[in-house]
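Note sheet for the following structure.
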Amino acid sequence: MTEGVIVGRTRGGEEWVPEFVTELNASTCIGCGRCYKVCPRDVFELVERGEEVDDDDDFYDDDDEMMVMSIKDAMDCIGCKSCAAVCPKNCHTHEALAG
Ligand code: SF4
Ligand code: SF4
């Protein structure tokens with residue numbers, strides 16, 4: 001079942017399969033910062049929404065100060081899924097991955 005994917009071990013020696021963050025849905029993110037605060041690594045950064053959503057609609061110009069979370073360094077993720085546990089909008093996608 002765990003063949004080919006990165007596995008970890010508990011202190012008791014049991015294998016577990018980390019699921020690494022692969023995507024963050026900027027269209028549902030409310031920029032609350034929960035995932036940034038809980039992440040033990042340096043994976044996320046807050047950016048201005050305009051940097052994430054390329055929208056020509058002028059109505060969105062009023063929101064130009066709204067911040068949205070972005071994945072800065074996916075390679076630093078340890079697959080703990082803490083971000084998914086705290087996100088109120090289910091923005092993150094995680095996958096078990098091969099090493
Ligand atoms: S799975 Fe864990 S290490 Fe990876 S981005 Fe989420 S909180 Fe950070
Ligand atoms: S926890 Fe979810 S809604 Fe909050 S900043 Fe992170 S991705 Fe966005």
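Atoms within a ligand are numbered from 1 in the order they appear, just like the ligands themselves. Keep in mind that this is a model prediction, so the values were computed, not measured.
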Does Ile78 approach ligand 1 within less than 4.0 angstrom via side chain, backbone, both or neither, non-hydrogen atoms only?
both
How many angstroms lie between atom CE of Met67 and atom SG of Cys29, to the nearest 0.5 angstrom?
10.5 Å
I need the minimum non-hydrogen distance between Cys77 and Val21, along with the two atoms involved.
SG-N, 3.4 Å
Is there a path from Leu24 to Val43 through hydrophobic residues (I, L, V, M, F, W, Y) whose side chains come within less than 4.5 Å of each other?
yes
Just need the protein heavy atom nearest to atom 3 (S) of ligand 2, so name the residue and atom and give the distance.
Ile30 N, 3.5 Å
Which residue holds the protein heavy atom closest to atom 8 (Fe) of ligand 2, what is that atom called, and what is the gap in Å?
Cys29 SG, 2.3 Å
May I ask you to identify the nearest protein heavy atom to atom 4 (Fe) of ligand 1, giving residue, atom name and distance to one decimal place in Å?
Cys77 SG, 2.3 Å
Rounded to the nearest 0.5 Å, what's the gap from CZ on Arg41 to CE on Met75? Could you check?
13.0 Å
Atoms in ligand 2 flagged as close to Met69, the criterion being non-hydrogen separation under 4.0 Å:
5 (S)
May I ask whether Ile71 and Met69 are part of the same hydrophobic cluster, defined by side-chain heavy atoms of I, L, V, M, F, W, Y residues being less than 4.5 angstrom apart, directly or through others?
yes
Is His92 close enough that one of its N/O/S atoms sits under 2.8 Å from atom 2 (Fe) of ligand 2?
no
Which bit of Cys91 gets closer than 4.0 Å to ligand 2, counting heavy atoms only: side chain, backbone, both or neither?
side chain
Closest to atom 2 (Fe) of ligand 1 among protein heavy atoms sits Cys80 SG, 2.2 Å
With atoms numbered from 1 as shown, which atoms in ligand 1 lie under 4.0 angstrom from a non-hydrogen atom of Cys39?
3 (S), 5 (S), 7 (S), 8 (Fe)
Would you indicate whether the side-chain heavy atoms of Asp42 and Asp76 approach each other to under 4.5 Å?
yes
Same cluster (ILVMFWY, side-chain, under 4.5 Å), Phe44 and Leu46
yes
Atom 1 (S) of ligand 1: which protein heavy atom is closest, and how many Å away?
Lys81 N, 3.0 Å
Where does Phe44 meet ligand 1, judged by heavy-atom distances below 4.0 Å: at the side chain, the backbone, both, or neither?
side chain
Separation of Asn25 CG from Thr93 OG1 (nearest 0.5 Å):
7.5 Å
Atom indices of ligand 2 within 4.0 angstrom of Cys87 heavy atoms, with elements
1 (S), 2 (Fe), 3 (S), 7 (S)
How far apart are the closest heavy atoms of Lys89 and Thr28, and which atoms are they?
CG-O, 3.5 Å
Which of the atoms in ligand 1, numbered in the order shown and given with their element, are less than 4.0 Å from a heavy-atom of Val43?
5 (S)
Note: ligand 1 atoms sitting under 4.0 Å from heavy atoms of Cys83 are 1 (S), 5 (S), 6 (Fe), 7 (S)
Can you name the atoms of ligand 1, numbered from 1 with element, that are less than 4.0 Å from a heavy atom of Val21?
5 (S)
Protein heavy atom at shortest distance from atom 6 (Fe) of ligand 2:
Cys35 SG, 2.4 Å
Which value, rounded to the nearest 0.5 Å, describes the distance between Cys83 atom SG and His92 atom NE2?
4.5 Å
